[in-house]
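Structure first, then comments.
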Amino acid sequence: MANLPILQFEEQIVETVERNPVVVIIGETGSGKSTQLSQILHKRGYTKSGRAIAVTQPRRVAAVSVSRRVAQELGVRFGEEVGYAIRFEDRTSEKTCIKYLTDGVLLRESLSNPELNQYSVIILDEAHERSLNTDILLGLMKRLIKIRSTNLKVLITSATLDGEKVSRFFSNCPILNVPGKLFPVEIRYSSERPTSYLESSLKTAIAICANNFALSEIHVREPEGDILIFMTGQDDIEKLVKKLEERVQSLEEGSCMDAVILPLHGSLPPELQASLVRVFSPPPPNCRRFIVATNIAETSLTVDGVVYVIDSGYVKQRQYNPSTGMYSLDVVPISRVQADQRAGRAGRTRPGKCYRLYTSTVYHEDLMGATVPEIQRSSLAGTVLYLKSLDLPDIDILKFDFLDPPSTEALEDALKQLYLIDAIDENGSITSIGQTMAELPLEPSLSRTLIEANEYGCLSQALTVAAMLSAETSLLPGTSKSTDKKRKHEPSDLPDGSGWGDHIQLLQIYELWDQRNYDVEWCKDNNLQVRGMKFVRDVRKQLSQIMQKIAKGSLDVRTNGRRKESQEDYRNLRKSLCVGYANQLAERMMRHNGYRTLGFKPQLVQVHPSSVLKTDEEGMLPNYVVYHELISTTRPFMRNLCAVEMRWVMPILKKLEKLNITKLSGGSVRSEEQTKGENPSLPEKEVGVATPDDRESRIQAARDRFLSRKTKG
DNA sequence: GAGCACTGC
């Protein structure tokens, strides 16, 4: 602790904080900023007023581990003067004066106390990662320091590259630089410019082995030290691991040290991830580890003993397209910040080397400086609802002051979605339903479903579905090909959704687990991740409590125990889902099983093959479905579907027709041309017909199709 | 008949 670079800057930091409401601290890995800043300010009396110092972290584990260390350094009992708060866990007390929390928890706190008066200092740590939540907090902080100019200090820690930008955002606030404790890392570039992703990502695996570049060079010639290889995904990792194993076996025995090759990615069970990171530390003599990893090793996991890094230069990134309402998972080039972060992984224990599988020209001229922040890659329905629920008097959502504002299109997309599920009215004002929805830690469609389900008497089932969907990705174990085949040979005993679709199946699975008294073995027998299922149980409990608080009375939130759900229960649940997912409806097309989404931008989509949705005797899928998510991979797919009835869809289409984005967005920031097309003085129906806007006419067409079908039936 | 990087309330 005494050696931490940041301590030499203590006086300077204190003085600067004293004179300025906002300070940016640039501190590289190992500077000690996460553990020391809070302690320094605590010692200088910033907690004397009875207000605490809050330090946000983007990840739960960081909040826990850093707070634990701080408590130890200060010699206080953990959970008293120093504590942490993450979802499901609040280890703080009345006495707590240094509180570590995830940025999501701070956002929740600011919902009930918008001025965050319980804090004298708010430190946004790791702000350079630009998580969606951190970005919202940055905007809120800018506002908050104006209101609480006398008794609030905000500190933002950032990486080297965008410190200037953050400073400009906060009226050119001072920037302090604190050196890190990294060892020098020598960078080596590839001499050839990769021509395509195919070549660089999938074939880098081969290139590494075949071309005598990087890998054989390191393993045969370089001294001890583990090698960390950054790839994009599980598939590439498995291929590369196999190739490396072949290569290593072909090496002459005794010509170099032993090698162990290990994959590291998010689909591995967490226990395995953790143990892998610690395997052989310290490593046995004369043995080298090759760790082939996704960007999980960039920030989330630190592998000890890495001296060499091989960087493919690519990353798999999920992005949302507001003009189609669709997510896609793309392999994209990393940013320079990311490249530096990867290289830094080689210099944690001693001087290291980083081999970049791209040229220095690519690094300097082609790569973007920083990664596109999450807020510009996500659907903003939840974010907009959150901001609206804060009811900030001076704020127009479309003009909210973000460090990097999302596009108008993305914001308008969010407004339309919120309007369709009754969270905001036609003028864009939050409704009482919307206010309730914002209280729930769920995406808006699921919050809306819960509220509707409460009306229909199927809240318990809806709670389960919402909780299951929140954890969905962590339910199934890593999909290695072998387990997949196994499943095909002996179909699992898990329920199938009774033909109604995936939401119902998720409900049935949880009900079964509930009947087995949450038996861990049952999960294992049915190939479900125990941790995932426990998470579902926690989420469900949290949601039940919030719903009961909102309703101010006791609701029936119990699971059904041994009673079997009836078709009537399923029907009510599906009806609630239809209301909640009003912005995510699709209609089957005539005579085949393709679908067209119903909304502002109709898309041709298909049922994801993983769905349990059933066809009827004639082999046809349901006429109408709601979907949880549109994801474009090889083709556009709907994931997690549930059959709904035509008559439930009707009122939604009517509402869709009335939608007027000018009014929704508060009448601001519309270009003249757009305003002309939606002239509010014209009768609404004529607008629908007269507008040249393709979207409008398609909506009309969707409604016409619906009406004609109804008369036929 | 397809495949999923990583977080978080």
Side-chain angles (χ1 to χ4, degrees), chain A residues 56-63 85-90 101-112 126 129-137 201 230-238 264-268 270 273 293-301 312 314-319 327-332 334 338 341 371 373-375 377-378 382-383 385-386 389 437-444 446-447 466-467 470-481 483-484 488 535 538-539 542-543 546 593 606-611 629 631-640:
Chain A
T56 69
Q57 294 290 328
R59 279 171 296 280
R60 296 162 54 100
V61 272
I86 60 179
R87 188 177 190 180
F88 311 131
E89 272 179 75
D90 186 346
L101 29 63
T102 47
D103 42 23
V105 168
L106 189 61
L107 281 176
R108 286 282 136 196
E109 288 185 356
S110 103
L111 206 53
S112 51
E126 315 288 355
E129 289 189 23
R130 303 295 304 275
S131 76
L132 179 58
N133 288 339
T134 304
D135 269 20
I136 300 170
L137 282 172
S201 190
F230 283 103
M231 300 297 288
T232 60
Q234 186 180 350
D235 229 37
D236 289 355
I237 288 173
E238 279 167 9
L264 179 58
H265 52 80
S267 307
L268 294 171
Q273 285 178 27
T294 60
N295 51 337
I296 196 171
E298 223 169 83
T299 49
S300 306
L301 290 176
S312 68
Y314 286 91
V315 67
K316 213 175 265 188
Q317 214 171 54
R318 189 177 145 98
Q319 25 220 0
Y327 276 98
S328 59
L329 199 60
D330 308 318
V331 172
V332 297
I334 58 172
Q338 251 177 316
Q341 174 73 25
T371 312
E374 202 183 345
I375 199 163
R377 295 187 277 119
S378 316
T383 304
L385 180 62
Y386 174 83
S389 77
M437 285 165 61
E439 300 273 327
L440 293 156
L442 288 172
E443 51 195 274
L446 285 173
S447 306
S470 302
E472 200 235 355
T473 49
S474 57
L475 289 184
L476 298 173
T479 48
S480 96
K481 306 251 153 77
T483 57
D484 236 25
K488 260 174 205 166
F535 177 76
D538 285 340
V539 175
Q542 184 191 30
L543 295 176
I546 297 174
N593 279 336
Q606 289 196 315
V607 175
H608 197 276
S610 65
S611 175
E629 175 181 65
I631 176 99
S632 176
T633 48
T634 50
R635 274 176 289 170
F637 288 109
M638 298 181 285
R639 279 190 66 234
N640 285 319

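Chain letters run A, B, ... following the sequence lines, proteins first and then strands; every chain starts at 1. On a predicted model such as this, the values are computed, not experimentally measured, just so you know.
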Quiz item: Under 4.0 Å between a side-chain N or O of A:Arg318 and OP1 or OP2 of B:dC4?
Solution: no

Exercise. Compare the minimum distances between each of B:dC9, B:dA5, B:dA2 and the side chain of A:Arg635, then state the nucleotide with the smallest one.
Key: B:dA2

Practice problem: Would you classify A:Arg59 as touching base, sugar-phosphate or nothing, given that sugar-phosphate means primed atoms plus P, OP1 and OP2, and contacts are heavy atoms under 4.0 Å? | Solution: sugar-phosphate

Quiz prompt | Nucleotide nearest A:Gln234 (side chain, heavy atoms from C-beta), chosen from B:dC9, B:dC4, B:dA5 | solution = B:dA5

Quiz item: Which nucleotide in the list B:dA2, B:dT7, B:dC9 gets nearest to the side chain of A:Ser300?
Solution: B:dT7

Quiz item: With no hydrogens and no angle check, do the side chains of A:Asp330 and A:Ser328 hold a donor and an acceptor under 3.5 Å apart?
Solution: yes

Quiz prompt | Nucleotide of B:dT7, B:dC9, B:dG3 approaching A:Phe637 most closely (side-chain heavy atoms) | solution = B:dG3

Quiz item: Of all the choices, B:dC9, B:dC4, B:dA5, which nucleotide is nearest to the side chain of A:Asn295 once you look at every atom?
Solution: B:dA5

Quiz prompt | Out of B:dA5, B:dC4, B:dG8, whichever nucleotide has its closest atom nearest the side chain of A:Thr633 | solution = B:dC4

Quiz item: Looking at A:Arg639, does any N or O in its side chain come under 4.0 Å of the phosphate oxygens OP1/OP2 on B:dC4?
Solution: no

Quiz item: At under 4.0 Å, does any side-chain N or O of A:Thr102 touch on OP1 or OP2 of B:dC9?
Solution: yes

Self-check item: Any side-chain heavy-atom pair of A:Asn593 and A:Val607 under 4.5 Å
Solution: no

Quiz prompt | 5'-most by nearest nucleotide on DNA chain B - A:Pro441 or A:Leu329 | solution = A:Leu329

Self-check item: Pairing residues for A:Glu298 by the salt bridge (charged side-chain N to carboxylate O under 4.0 Å, His left out) criterion, not counting sequence neighbours
Solution: A:Arg342

Self-check item: With sequence neighbours excluded, residues passing side-chain hydrogen bond (donor to acceptor under 3.5 Å, both in side chains) with A:Arg59
Solution: A:Glu129

Quiz item: Counting side-chain heavy atoms from C-beta on, which of B:dA2, B:dA5, B:dC9 comes nearest to A:Arg60?
Solution: B:dC9

Quiz item: Under 4.0 Å between a side-chain N or O of A:Ser610 and OP1 or OP2 of B:dG3?
Solution: no

Exercise. Scan A:Val315 against the nucleic acid and name what it touches under 4.0 Å (heavy atoms): base, sugar-phosphate only, or nothing.
Key: nothing

